[in-house]
Amino acid sequence: MRLSRYFLPVLKETPGEAQIVSHQLMLRAGLIRQTAAGIYAWLPLGLRVLKKIEGIVRAEQDRAGAVEVLMPAIQSAELWKQSGRYDAYGPEMLRITDRHDREMLFSPTAEELFTTIFANGVRSYRDLPRILYQIQWKFRDEIRPRFGVMRGREFLMKDAYSFDIDLATARHSYNRMFIAYLRTFAAVGMHAIPMRADTGPIGGDLSHEFHIVATTGESGVFYHERWEQSRSLAVDADDASALQAYVDALNADYAATDEKRDPAAEAATGASLKEARGIEVGQIFYFGTKYSAAMGLSVQGPGGEQIVPHMGSYGIGVSRLVGAIIEASHDKDGIIWPEAVAPYRVVLINLRPDDVACTAAADALYASLEAAGVEVLYDDRDERGGAKFATADLIGVPWQVVIGPKGVAAGTVEIKRRGAGAKEETTVAAAVERLCR
RNA sequence: CGGGGCGUAGCUCAGCCCGGUAGAGCGCUGCCUUCGGGAGGCAGAGGCCGGAGGUUCGAAUCCUCUCGCCCCGACCA
């Protein structure tokens, strides 16, 4: 993409409404614009990051055996009255009345709908287990939205729902998601720690929150220092007992949010106990038959009896992850994207668009990178070098390639890794080879 | 919802206390000089001062109402 034809409205100054660095950088780097409290428009660069994360989340859900669907964002109040949550959910649910005075709502989560749709399609215990998921916009009318996409009212969430014949198999589904979540956060370049968590209004008795440690996190978190190391995620998720053993071994190391602190466990952890702030990027629940019973989901068992499936639900805040990644990966000049979620892999800077030889070299390199399938943002604007460097650093693309008159005369280009600092002079061929790797 | 703050040019803000008809920096447009880390000069464009009502000869400024946004608290992917 040529920057001269793109839509990348960057800001030199920090907008006053943004308090934390991720929000400031998302506005400055032209990723998002606020349109109302807690509601954001996603601009081209931000949308590319969101799509990258969404793709990784989807790949890991598929790998875990979950099946993607898409439910409506606008739902009828009827289903919610059936589960009792229409009243229980409170003012956080955005309620809408249509032209016929029907009560509608913008979905804040989707247990009722998934359970109903699933109930409609299965009759037998042989149809279980299943995990269904979607990646869909949610709306929660937060009392006080803040911190940009970290606590927006409208947000993109991956929500999954598992259906199992009994508690034992439901735990296996839970564990599948547990490992899938660790894999997902590692794949986006983040280190997330699973913590024992409250089950909140959804109910149930087994839950973990996944937190990314960052100074601006909204939760206090406490964990064994071993959680700071990255763990091997090599385990066969299809082997229920091996997976259970793996999960148990991980959870033997203490980790809890401030609501679930355990003084005895902390005492046992001793000097290895770490205290930090965490950004919650995912949460998983097992809640038994709460929704299956309420929504009339049952299947026929092997002996002809009706069985009410055990369920769990599993959420990842996809749009929140964008902010969380920036909180964890930036410097004074801007964002430093992990490769996996970067909007582009390379920003190609033509220092002198007015110089014929320079431009010819930059155009040629741009063409060969495009031909090789490298995602490259080509800064061909008629701007001074300094402005281009500042923009490149701000938007945080992993590789910067600089073409200037000196290099063109010497037959070299300059290549720099964002965040690593050191510049390197190489031949054009070597640069292409490096960037295609 | 309680407490606090703020709405003036695209952005960051000054002007408001003490009413007299709108400013700066950055950005934007044109020209010139520049050109390896957000250059310099000259000339420009751009604002019913969030909205409505009131007081006044006169309101960005004072009063009332209203809408929006931000911060602190209780709640949350």
Side-chain angles (χ1 to χ4, degrees), chain A residues 9-20 23-24 27-28 30 33-39 53 57 89-93 107-110 135-160 181 192 197-202 207-212 218-219 257 259 278-285 313-324 332-334 349-355 358 379 381-394 400 402-409 413-414 416 421 423 425:
Chain A
V10 299
L11 303 175
K12 208 164 175 177
E13 293 181 84
T14 300
E17 80 242 28
Q19 300 299 312
I20 63 171
H23 189 194
Q24 294 170 350
L27 292 167
R28 285 194 55 212
R33 286 292 182 265
Q34 182 173 140
T35 64
I39 301 179
I53 296 172
V57 170
Y89 215 96
E92 220 169 90
M93 184 155 66
S107 175
T109 177
I135 299 172
Q136 170 67 299
W137 291 91
K138 301 295 189 297
F139 195 96
R140 293 184 189 175
D141 200 357
E142 296 280 347
I143 297 169
R144 189 154 86 82
R146 61 186 136 171
F147 302 154
V149 300
M150 300 279 278
R151 179 162 301 288
R153 292 193 294 171
E154 186 183 66
F155 58 97
L156 187 61
M157 182 167 99
K158 185 285 299 179
D159 47 323
Y181 273 38
D198 269 330
T199 50
I202 291 185
S207 177
H208 283 87
E209 289 178 4
F210 292 76
H211 284 260
I212 289 174
E218 291 190 84
S219 317
T257 60
E259 303 91 35
I279 300 168
E280 184 187 349
V281 290
Q283 184 164 16
I284 60 179
F285 301 91
S313 73
Y314 314 89
I316 290 178
V318 176
S319 47
R320 173 181 286 183
L321 260 177
V322 179
K332 64 176 173 48
D333 297 318
I349 295 174
N350 179 4
L351 271 184
R352 294 289 299 275
D354 60 322
D355 181 293
C358 238
D379 194 346
R381 295 173 304 164
D382 182 20
E383 291 285 345
R384 298 170 61 86
K388 295 189 176 190
F389 291 130
T391 298
D393 286 345
L394 177 62
Q400 297 176 7
V402 181
I403 293 191
K406 297 174 194 166
V408 167
V413 299
E414 185 178 293
K416 190 180 101 173
K423 304 170 186 173
E425 295 278 335

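Throughout, a chain's letter reflects where its sequence line sits, starting with A, and its residues are numbered from 1.
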### Query
Is the backbone of A:Ala160 close enough, under 3.5 Å, to the side chain of A:Ser313 for a donor and an acceptor to pair up by distance?
no
### Task
Identify whether any heavy atom of A:Ala36 sits under 4.0 Å from a base atom; if not, whether one sits that close to sugar-phosphate; answer base, sugar-phosphate or nothing.
sugar-phosphate
#### Entry: Gap between atoms CD and P, on A:Glu218 and B:rC71 respectively (whole Å)
11 Å
#### Entry: Residue matched to B:rG7 through Watson-Crick or wobble contacts both under 3.5 angstrom
B:rC67
### Message
For a quick test of reading the model: is some side-chain N or O of A:Arg320 closer than 4.0 Å to OP1 or OP2 of B:rA77?
### Response
no
### Query
Quick one: which of B:rC69, B:rG36, B:rA77 gets closest to the side chain of A:Leu351?
B:rG36
### Task
Grab the CD-P distance between A:Glu209 and B:rC75 for me, whole Å please.
13 Å
### Query
B:rG38 base stacked by A:Phe389? Criteria: ring centres under 5.5 Å, plane angle under 30°.
no
### Query
The side chain of A:Thr391 lies closest to which of these nucleotides: B:rG38, B:rA74, B:rG36?
B:rG38
### Task
Please determine if a side-chain N or O atom of A:Gln34 lies less than 4.0 Å away from the OP1 or OP2 oxygen of B:rC70.
yes
## Note on the structure
Between A:Gly385 and A:Leu351 the two heavy atoms that sit nearest each other are CA-CD2, 3.5 Å
### Task
Can you figure out which of B:rC75, B:rC11, B:rG38 approaches the side chain of A:Arg146 most closely?
B:rC75
### Summary
If pairing means Watson-Crick or G-U wobble with both distances under 3.5 Å, then the partner of B:rC16 is none
### Query
5'-most contact on RNA chain B: A:Asp354 or A:Gly315, nearest heavy atom basis?
A:Asp354
### Query
Expressed in angstrom and rounded to an integer, what is the separation of A:Lys423 atom NZ from B:rG36 atom C1'?
7 Å
### Message
I'd like to check A:Arg33 versus A:Pro9 (side-chain heavy atoms, cut-off strictly below 4.5 Å). Are they in contact?
### Response
yes
### Query
Contact class for A:Asp355 vs. all strands (heavy atom < 4.0 Å): base, sugar-phosphate, or nothing?
nothing
#### Entry: Spacing of A:Arg33 atom CZ relative to B:rC11 atom C1', expressed in whole Å
10 Å
### Query
Is there side-chain contact between A:Asp159 and A:Lys138, with heavy atoms separated by less than 4.5 Å?
yes
### Query
Between the base of B:rG38 and the side chain of A:Glu383, is there any donor-acceptor pair under 3.5 Å?
no
### Query
With rounding to whole Å, what would you report as the distance between B:rC62 and B:rG20 at their C1' atoms?
14 Å
### Spacing between A:Glu17 atom CD and B:rC13 atom P, to the nearest angstrom
10 Å
#### Entry: Which atom of A:Gln19 lies closest to which atom of A:Gln24, heavy atoms considered
O-NE2, 3.6 Å
### A:Lys416 side chain, from C-beta outward: closest of B:rG38, B:rG37, B:rG36
B:rG37
#### Entry: Spacing of the C1' atoms in B:rG68 and B:rU29 (rounded, Å)
32 Å
#### Entry: Nucleotide B:rC71, atom C1' - distance to NE2 of A:His23 in whole Å
13 Å
### Message
Treating A:Lys388 as the side-chain partner and A:Asp379 as the backbone partner, does any N or O pair qualify as donor plus acceptor under 3.5 Å?
### Response
yes
### Task
Just call it for A:Glu142: base, sugar-phosphate, or nothing, with non-hydrogen atoms closer than 4.0 Å on any strand.
base
### Query
Is the backbone N or O of A:Leu11 less than 3.5 Å from a side-chain atom of A:Arg28, with the two atoms forming a donor-acceptor pair by type?
yes
### Message
Let's see if you can work this out: which of B:rG37, B:rG38, B:rU12 has an atom nearest to the side-chain heavy atoms of A:Glu13?
### Response
B:rU12
### Summary
Ranking B:rG37, B:rA39, B:rG36 by distance to the side chain of A:Lys406, first place goes to B:rG36
### Message
So if I take every side-chain heavy atom of A:Ala390 and compare against B:rG37, B:rG36, B:rG38, which nucleotide ends up nearest?
### Response
B:rG38
### Message
Using the C1' atom as the point on both nucleotides, what is the distance between B:rU66 and B:rC26, in whole Å?
### Response
34 Å
### Pairwise C1' distance for B:rU55 and B:rA9, with rounding to whole Å
29 Å
### Query
Base, sugar-phosphate, or nothing: which does A:Gly90 touch, judged by heavy atoms less than 4.0 Å apart?
nothing
### Query
With respect to the phosphate group of B:rG27, does any side-chain polar atom (N or O) of A:Lys12 fall under 4.0 Å of OP1 or OP2?
yes
### Out of B:rG37, B:rC69, B:rA77, whichever nucleotide has its closest atom nearest the side chain of A:Phe155
B:rA77
### Query
Under 4.0 Å between a side-chain N or O of A:Arg28 and OP1 or OP2 of B:rC11?
no
### Task
Let me know the distance between CD of A:Gln400 and P of B:rG36, rounded to the nearest Å.
17 Å
### Query
Can you tell me how far C1' in B:rU56 sits from the matching atom in B:rG40, rounded to whole Å?
49 Å
### Task
Remember a base hit wins even if backbone is also touched, and classify A:Gly404 as base, sugar-phosphate or nothing at under 4.0 Å, heavy atoms.
base
### Query
Who does B:rG44 pair with, Watson-Crick or G-U, both distances under 3.5 Å?
B:rC28
### Query
Taking the same atom, C1', in B:rG19 and in B:rC75, what whole-Å distance lies between them?
46 Å
### Task
Quick one: label A:Gly152 by what it contacts on the DNA or RNA (base, sugar-phosphate, nothing), any heavy atom closer than 4.0 Å.
base
### Summary
For A:Tyr314 and A:Lys158, the nearest pair of non-hydrogen atoms, with its separation, is O-NZ, 3.2 Å
## Note on the structure
Smallest heavy-atom separation, A:Arg381 atom then A:Ala387 atom, equals NH2-O, 4.3 Å
### Task
Have a look at A:Val318 and say if it touches a base, only the backbone sugar-phosphate, or nothing, with a 4.0 Å heavy-atom cut-off.
nothing
### Message
Measuring to OP1 and OP2 of B:rC71, would you say a side-chain N or O of A:Arg144 lies under 4.0 angstrom away?
### Response
yes
### Query
In whole angstrom, what separates A:Arg140's CZ from B:rC75's P?
15 Å
### Summary
Re B:rC1: Watson-Crick or G-U wobble partner, both distances kept under 3.5 Å, found to be B:rG73
### Task
Take atom P in B:rC32 and the same atom in B:rC16, then report the distance between them in whole Å.
42 Å
### For B:rA39, the Watson-Crick or wobble counterpart (both distances under 3.5 Å)
B:rU33
### Query
For atom C1', what is the distance between B:rU8 and B:rU61, given to the nearest Å?
11 Å
### Query
Counting side-chain heavy atoms from C-beta on, which of B:rC70, B:rC35, B:rG38 comes nearest to A:Arg352?
B:rC35
### Message
Please pick, from B:rA77, B:rC75, B:rC70, the nucleotide with the shortest atom-to-atom distance to any side-chain atom of A:Gln19.
### Response
B:rC70
